[in-house]
Amino acid sequence: MRVAIGSDHGGFNLKAEIICYLKERQIEYKDFGTYSLDSVDYPDFARAVAGAVVSGDYDRGILCCGTGIGVSIAANKVAGIRAALCHDTFSARMASEHNNANIITLGERVIGPGLAREIVGAWLDSEFAGGRHARRIEKIAEIERNNKQC
Ligand code: RB5
């Protein structure tokens with residue numbers, strides 16, 4: 001399991017917490033920034049992590065910003081990305097099992113570090129269930145293909 005992780009300044013401290021968690025679990029990761037609390041633009045980091053995941057270099061991505069919303073919107077513009085904003089463990093598990101979410105996004109200004117760890121764990125430790133859900137994921141990919149033709 002190789003994880004790409006990134007944030008803007010609003011998610012910087014939560015990213016640091018999640019990196020500690022990944023280290024504790026000995027999960028391989030790369031930090032795509034940002035590397036300080038200086039104000040930056042979240043789409044830059046969402047694009048970097050999303051690109052690392054769709055390239056196949058990384059299996060999953062984690063993105064943090066103040067709310068988790070901005071990085072989610074931006075990452076979902078990259079074809080092949082299914083980024084899920086999750087602030088509870090049930091959604092995180094479902095994001096894997098039903099939506100095959102290859103990126104999870106979290107908001108530092110919304111949840112605390114302990115819950116964030118549990119959410120990331122629930123997502124990493126669950127797998128896509130396939131079956132009827134695979135048909136639905138394929139329909140999402142079809143929407144992407146149709147958009148490219150416009
Ligand atoms: C930055 O102030 C904040 O807007 C950003 O981190 C994020 O919450 C956007 O969705």
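Order of listing sets the numbers, starting from 1, for every ligand and every atom in it. None of these values were measured; they are calculated from a predicted model.
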Mind telling me whether Y58 and F32 have parallel, tilted or perpendicular rings, with 30° and 60° as the class edges?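 Perpendicular: the ring planes of F32 and Y58 meet at over 60°.
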Shortest protein heavy-atom distance from [atom], along with the residue and atom involved:
atom: atom 5 (C) of ligand 1; value: D8 OD2, 3.1 Å
atom: atom 2 (O) of ligand 1; value: R109 NH1, 3.4 Å
atom: atom 8 (O) of ligand 1; value: T67 N, 3.0 Å
atom: atom 10 (O) of ligand 1; value: G70 N, 2.9 Å
atom: atom 9 (C) of ligand 1; value: Y42 CE2, 3.5 Å

ILVMFWY cluster, I103 and I69 together (side-chain gap under 4.5 Å):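 I103 and I69: separate clusters.
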Indicate, with yes or no, if I5 and L124 share a hydrophobic cluster defined by side-chain heavy-atom contacts under 4.5 Å among Ile, Leu, Val, Met, Phe, Trp and Tyr. yes
H9 heavy atom under 4.0 Å from ligand 1: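 It does; at least one heavy atom falls under 4.0 Å.
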Point-to-point distance, once rounded to the nearest 0.5 Å, from CD1 of I137 to CG of N99: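 Here the rounded value is 5.5 Å.
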If you measure from the Lys or Arg side-chain nitrogens to the Asp or Glu carboxylate oxygens, is any gap between R135 and E142 under 4.0 Å? no
Check: F90 main-chain N/O paired with D88 side-chain donor or acceptor under 3.5 Å: yes
Check this for me - ligand 1, C65, N or O atoms closer than 3.5 angstrom, yes or no? no
Under 3.5 Å between any N/O of G66 and any N/O of ligand 1: does that happen in this structure?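 Indeed, backbone or side chain, G66 has an N or O that close.
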